[in-house]
Amino acid sequence: APAEYGGRLSSVIDISTKTGSNEGFKGEASIGPVTSNITLETPVEKDKSSIIVGARGTYSNWILKSLDDTSLDNSQASFFDVISKYTHKLNDKNSIEATGYYSYDVYKITSDSLNSYSNSLVSLKWKHNFNEKTNSTLLLSNSQYQFNIDYDKEGGASNFNLNYSLNETHLKLKFDYKLDEKHKFDYGISTKLYNVNPGSKTPKDNASLVNSVQVQKERALESALFFSDDYKMNDKFLINLGLRYSLYASLGKGTRNIYDPSLPISPLSITEVKTYDNNEVIQTYSGLGLKASARYAFTPTFSLKASFNNSFQYIQSLSNNTTASPTDTWRLSDNNIKPQESTQVTLGAYQNLGEDLYEISVEGYYKTSKNILDYKIGADLLINPNIETEVLQGVGKAYGVEFLLKKKTGKLNGWLGYTYSRTYSKFDSNFAEEKINNGDYFPSNIDKPHDVSLVLNYKMTKRFSWSMNFAYQTGRPVTYPVGKYNYNGSQYVFYSDHNKFRIPDYYRMDIGLNIEGNHKIKKFAHSFWNISIYNVLGRNNPYSVFFVTKDGKINAYKSSIFSVPVPTITYNFKF
């Protein structure tokens with residue numbers, strides 16, 4: 001990851017939004033029985049400013065209601081999102097961009113809970129060109145993620161609303177400087193303000209007997225200085241060196257527990273509760289990240305690439321992936337939870353064949369991590385004011401080899417990818433209560449050794465083409481109950497070692513046929529039909545496996561998404 005990006009250990013997804021047309025009104029859309037989308041773009045002031053608006057959504061509830069399964073009569077599953085971007089060229093040296101985005105998802109599958117999610121983003125970017133060698137970008141953005149659980153069961157006594165939100169405000173100033181044909185520098189400063197609402201639980205109505213619970217909010221400031229140098233030693237050898245120094249501060253207002261270091265962290269080992277005023281610093285952390293990468297081209301078609309990267313992450317993800325619904329939450333580092341740190345090295349070989357018709361690559365990596373999080377068995381991660389008593393911090397390691405064979409052009413094109421990767425975690429301690437699997441390494445929640453992807457596209461004629469997608473993944477680890485026992489008149493469940501078993505492997509095949517309209521130049525819109533089948537093999541891939549004790553028996557359940565072939569037809573057009 002380039003030095004300008006930080007705060008994440010695994011990866012960075014750099015998404016650039018399309019700029020609207022400065023020449024004339026344009027658009028494209030697709031209409032189908034399940035989903036539709038539309039994009040419109042137009043100049044506001046010719047050759048100076050433009051706006052682009054896009055929207056998409058699904059109206060799949062009618063499918064759930066039409067299925068021959070009475071348990072799905074009250075189910076819901078839908079989403080929509082909209083995005084808009086305005087660009088304006090002020091003069092030859094200055095331009096601005098304003099972007100807004102919003103998405104909303106809702107689903108309810110044979111349960112009493114209605115789950116909803118939303119994401120929103122607004123950003124303002126100013127680009128300034130000082131001269132031929134130097135330019136700058138100033139970015140101000142705000143993003144927010146929310147989820148809500150609306151529990152509504154007949155009777156009403158236990159009905160509640162639960163909500164969670166994560167808000168980030170980000171400011172970044174970046175400069176690009178071209179010293180000469182060999183050196184290109186970029187440097188700058190960034191700062192991010194976190195506001196986390198860990199959740200609140202309130203009674204749904206007057207009939208509910210649920211007590212209101214509000215977990216105190218969390219705030220933190222993460223700032224960084226970054227610098228990188230792209231150095232072209234010669235036509236064969238390229239080097240990129242970067243540094244990123246980050247400084248993090250956990251901020252009040254709020255209280256924090258102080259625990260006795262000679263005892264396991266639990267409500268019983270609290271020795272003091274400290275109170276902090278608004279914006280008072282609770283805890284600070286800092287770190288210097290080194291980024292280095294190099295490419296050496298032995299021939300015009302064969303090259304080697306290598307990299308070294310160490311990073312820091314001050315916001316922690318908490319995911320209990322054995323639940324039937326995805327309710328991931330995040331916790332900021334403070335005096336009780338340390339930031340995560342990782343170091344990764346990679347080495348890859350890349351070869352183009354047949355006058356760049358084929359591309360083949362193999363790449364290996366090794367990564368170590370510190371202060372990673374996992375939860376204790378039976379942990380309650382939602383609406384918990386003392387979440388640090390439910391989680392553990394340990395070390396991790398990951399390694400793997402990725403192989404890719406790609407055919408870029410021709411009537412038949414596509415790629416075949418295979419990855420072998422392992423991810424392990426280790427949680428050891430002087431206290432037995434804070435150990436997992438006796439302090440030994442074990443497969444982490446995201447350990448999937450084998451991953452295969454195959455994509456094929458075949459153009460039969462100018463108007464007819466088909467495509468196929470196949471994906472396979474090893475089932476992720478899971479902890480199963482392996483027995484039960486009675487103690488003092490009560491029955492208890494005995495679980496296996498952590499992540500000893502795996503859910504069934506995942507595989508899915510999709511096929512599609514594209515039928516294009518005629519290729520006349522003078523017509524209002526160019527169109528094509530798409531006929532496709534999702535999960536054509538009808539594989540019942542489980543999203544999660546979970547266990548419920550009922551009438552003294554342990555029942556295993558798995559939740560799946562689209563476990564039958566789903567055909568659809570879509571009409572697409574551009575104008």
Check your understanding: Are any non-hydrogen side-chain atoms of Gln283 and Arg256 less than 4.5 angstrom apart?
Key -> no
**Study point:** Heavy-atom donor-acceptor pair, Ser103 side chain to Ser118 backbone, under 3.5 Å
**Key:** no
Exercise for review: For the residue pair Ser444 and Ser425, confirm or rule out a side-chain donor-acceptor distance under 3.5 Å.
Suggested key: no
Point to revise | Atom of Gln393, atom of Leu373 and distance for their closest heavy-atom approach | key: NE2-CD1, 3.2 Å
Review point. Shortest non-hydrogen contact from Glu433 to Lys376?
Key: O-CE, 4.5 Å
Review point. Is there side-chain contact between Phe501 and Val482, with heavy atoms separated by less than 4.5 Å?
Key: yes
Review point. Which of these, Arg244, Arg8, Lys291, sits in a side-chain contact (heavy atoms from CB on, under 4.5 Å) with Ser311?
Key: Lys291
Practice item. Examine Phe403 together with Tyr418 and report whether their ring centres are nearer than 6.0 Å. Key: no
Review point. Regarding Gln473 and Asp451, is there a side-chain donor-to-acceptor distance under 3.5 Å anywhere?
Key: yes
Exercise for review: Step through it carefully: locate the ring centre of Trp330, locate the ring centre of Tyr194, and say whether they are under 6.0 Å apart.
Suggested key: no
Point to revise | Side chain to side chain, Tyr259 and Asn257, heavy atoms closer than 4.5 Å | key: yes
Point to revise | Donor-acceptor contact present, side-chain Glu280 to main-chain Gly252, <3.5 Å | key: no
Exercise for review: Please confirm whether the backbone N or O of Pro339 pairs with a side-chain atom of Asn371, one donor and one acceptor, at under 3.5 Å?
Suggested key: yes
